[in-house]
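Residue numbers start at 1 and run along the sequence shown. Atoms within each ligand, like the ligands themselves, are counted from 1 in listed order.
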Amino acid sequence: MCGIVGILGNHEVAPQLVEALKRLEYRGYDSAGIATVNDAGTLDRRRAVGKLVNLSDRLVHEPLTGRAGIGHTRWATHGPATEGNAHPHRHGPVAVVHNGIIENFRDLRADLAQAGITPQTDTDTETVALLTGHHMAQGMCPVEAARATLARLHGAFALAFLFDGDGDLMIAARKGSPLAVGHGEGEMFVGSDAIALAPFTDRITYLEDGDHAIITRAGVEIYDAQGRRANRDMVRIDVGATAIDKGGYRHFMAKEIAEQPAVLGDVLNHYVKNGRIVLPESVSFADVDRVLLVGCGTAHLAGHVAKYWFEQIAGLPCDIDIASEFRYREPPLSDRSWAIFVSQSGETADTLAALHYAQGKVAKTLGVVNVGTSAIARESDIALPTLAGIEVCVASSKAFTCQLAVLAVLALKAAADRGRIDAAALAAHLDDLRAIPGLLNQALAVADDCRALAGWLSEAQDVLYLGRGALYPVALEGALKLKELSYIHAEGYASGELKHGPIALIDRNVPVVVLAPRDTLFEKTVSNMQEVMARHGKVLLISDADGITEAGEGTRATLTMPMGGGAFQPILYAVPMQYLAYYTAVAKGTDVDQPRNLAKSVTVE
Ligand code: F6R
């Protein structure tokens with residue numbers, strides 16, 4: 001979480017810093033701030049609580065000049081969202097922006113106290129500025145001072161330092177958190193990701209763990225964790241692919257939901273060609289005895305859906321785990337198993353740590369990742385892109401369905417490699433999968449009905465979601481989406497589990513959303529739905545036309561989904577989950593694209 005940016009430029013840097021921060025706001029929006037060194041060499045800063053727009057307003061009335069600067073958008077970890085806790089933090093001639101957590105900041109504070117230096121903020125980051133300023137006061141030059149500080153830091157960080165009196169020096173460092181260096185014409189940049197730098201340059205060097213960089217307008221010198229000069233490749237990014245606009249939609253989320261037929265089409269064109277699965281040659285499940293799927297939040301739920309596919313279609317035992325639990329539980333892992341890490345950002349701290357835990361213990365690690373340059377993509381044995389394109393809304397929609405599509409392809413490959421299905425059965429499954437983009441297009445038509453239901457849902461205190469089989473994790477995803485977007489309490493349950501406790505919650509004020517396509521589990525789910533209605537529960541039944549005809553009577557409302565999709569129907573049923581949450585949030589007037597307290601890239605544990 002938190003986004004950082006730094007620019008040694010040839011133009012007034014404040015507007016550029018704000019433009020870059022706009023692209024990093026998905027990392028947090030508790031406060032924002034910038035510091036610049038003006039042409040007289042004076043370091044100054046402006047900070048504001050809340051969204052970036054508050055900082056922009058402030059800069060209109062209290063402008064900052066200068067062609068060198070650093071900026072930050074905060075997701076609060078240590079200390080509340082106040083101006084005092086906002087970055088950049090400054091001590092004497094040093095200003096610092098930081099993404100990550102300095103775990104030993106209390107020890108560092110104790111050392112600083114002995115030198116008579118007292119912190120002014122609640123943050124861990126301030127100790128970096130205090131320590132560096134202290135080193136400079138003892139006579140070190142900026143580079144020596146920053147190096148001496150970096151040597152003392154424990155934890156995770158991406159840092160950028162700026163110095164009073166030197167408008168042509170910026171120091172950047174990373175450990176655990178990502179950091180990109182951008183190369184311009186006589187200008188240099190750093191940013192938490194390349195997307196932030198896309199308005200300025202397409203030439204990027206990614207720092208590796210433990211690296212620090214001494215940056216001037218003339219270029220960059222990179223040093224590795226041992227302090228040796230290091231060569232890191234420069235890559236060109238596709239700036240066109242970094243375009244961020246709402247395309248005429250009111251919110252990014254609406255745009256991203258509507259993009260699903262197209263992006264799912266792209267995913268399937270990439271992984272299925274002429275009726276054959278196309279995956280790297282090393283993806284063969286013939287000798288694999290178990291698959292482990294790990295992720296957080298929605299990405300974890302994608303793994304949960306895929307568990308049903310791996311077990312039912314491929315007959316391959318499959319465990320799923322939440323990354324934050326997996327990494328500390330020390331689960332024994334078989335060296336014939338594969339571990340698959342699912343992540344949109346590819347930077348989620350817990351998922352990355354889970355990958356590190358599995359390395360060397362399992363036969364292979366796979367990353368199913370949307371951001372191709374991310375740590376999980378780079379560090380997995382095999383990285384499979386989910387090709388959803390940039391997802392801006394903090395709540396995941398198209399990234400989820402693209403994850404499902406890639407996992408579906410993997411499960412079918414496993415089934416074929418293990419001889420669980422013959423060529424005809426594989427072809428039938430692939431036909432079902434290839435039909436998904438078209439069916440998604442039809443599924444988008446539920447938008448109007450979801451909008452009409454939003455008034456009802458927005459008045460509820462609690463909402464329950466029920467599903468069975470592979471629709472159970474989709475019910476969990478529906479509840480997660482509603483919670484995070486509309487702040488209404490919601491829970492997902494396996495339909496059969498309801499009578500073991502949660503049914504006590506049912507009364508006429510609790511909407512119950514039932515996911516029940518007309519499949520082999522339909523009768524069972526409908527029985528559970530009847531149990532709800534017998535207790536005056538108000539049901540929203542989501543099914544296909546046959547299911548609605550058969551069981552729609554007596555419900556409060558129904559949503560009709562397209563038929564088809566075979567085993568891959570969960571991908572379709574994600575759409576009403578997304579639209580119900582989206583329109584309920586719109587009805588409640590919450591911030592759809594940037595819900596409170598959340599950040600899109602969760603780089604702290
Ligand atoms: C929910 C949501 C989160 C993420 C989770 C993992 O809508 O977006 O639950 O799925 O934070 O993030 P990634 O996929 O980047 O690892």
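- Counting all heavy atoms, side chain and backbone alike, R327 lies closest to A349 at NH1-O, 4.2 Å.
- Within the 4.0 Å heavy-atom criterion, neither part of E347 lies near ligand 1.
- Qualifying side-chain contact (heavy atoms from CB on, under 4.5 Å) partners for T125, counting only residues two or more places apart in sequence or in other chains: H87, H89, V96, H98, T123.
- Near A395, meaning under 4.0 Å from any of its heavy atoms, are these atoms of ligand 1: 7 (O).
- Residue-to-ligand polar distances place T298 within reach of ligand 1: an N/O pair is separated by less than 3.5 Å.
- Looking at V394 against ligand 1, only its backbone comes within 4.0 Å, counting heavy atoms.
- Of the protein's non-hydrogen atoms, the one nearest atom 6 (C) of ligand 1 is C296 O, 3.3 Å.
- H489 and D462 share a donor-acceptor pair across their side chains, judged by distance under 3.5 Å alone.
- Shortest non-hydrogen contact noted between W75 and G28 is CB-CA, 3.9 Å.
- At the top of the distance list for atom 11 (O) of ligand 1, counting protein heavy atoms only, stands V602 CG2, 4.0 Å.
- Residue contacts with ligand 1, taken as heavy atom pairs separated by less than 4.0 Å, do not involve H300 at all.
- Considering backbone and side-chain N/O atoms, T351 never comes within less than 3.5 Å of an N/O atom of ligand 1.
- Looking only at heavy atoms of the protein, atom 12 (O) of ligand 1 is closest to T348 OG1, 3.5 Å.
- Every atom of ligand 1 is numbered from 1 in the order shown, and the set under 4.0 Å from a heavy atom of A299 is 10 (O), 14 (O).
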Donor-acceptor pairs are to be reported for all side-chain atoms of residues 339-346 against protein atoms at under 3.5 Å, with residues two or more places apart or in another chain.
| residue | atom | partner | partner atom | Å |
| --- | --- | --- | --- | --- |
| S343 | OG | G346 | N | 2.8 |
| Q344 | OE1 | N370 | ND2 | 3.0 |
| S345 | OG | E347 | N | 3.2 |
| S345 | OG | T348 | OG1 | 3.3 |

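- Using a 4.0 Å cut-off between charged side-chain N and carboxylate O, K51 and E25 make no salt bridge.
- If you check the side chains of T401 and Q260, you find a donor sitting under 3.5 Å from an acceptor.
- Side-chain contact check for K481 and T298: at least one donor-acceptor pair (N or O, by modelled atom type) lies under 3.5 Å.
- Remark: the E391 side chain and the S396 side chain contain an N/O donor-acceptor pair separated by less than 3.5 Å.
- Atoms of ligand 1 found under 4.0 Å from any heavy atom of Q344 (numbered from 1 in listed order, with element): 13 (P), 14 (O), 15 (O), 16 (O).
- Protein heavy atom nearest atom 7 (O) of ligand 1, with residue, atom name and distance: E484 OE2, 2.4 Å.
- Under a 4.0 angstrom heavy-atom cut-off, K481 registers as being in contact with ligand 1.
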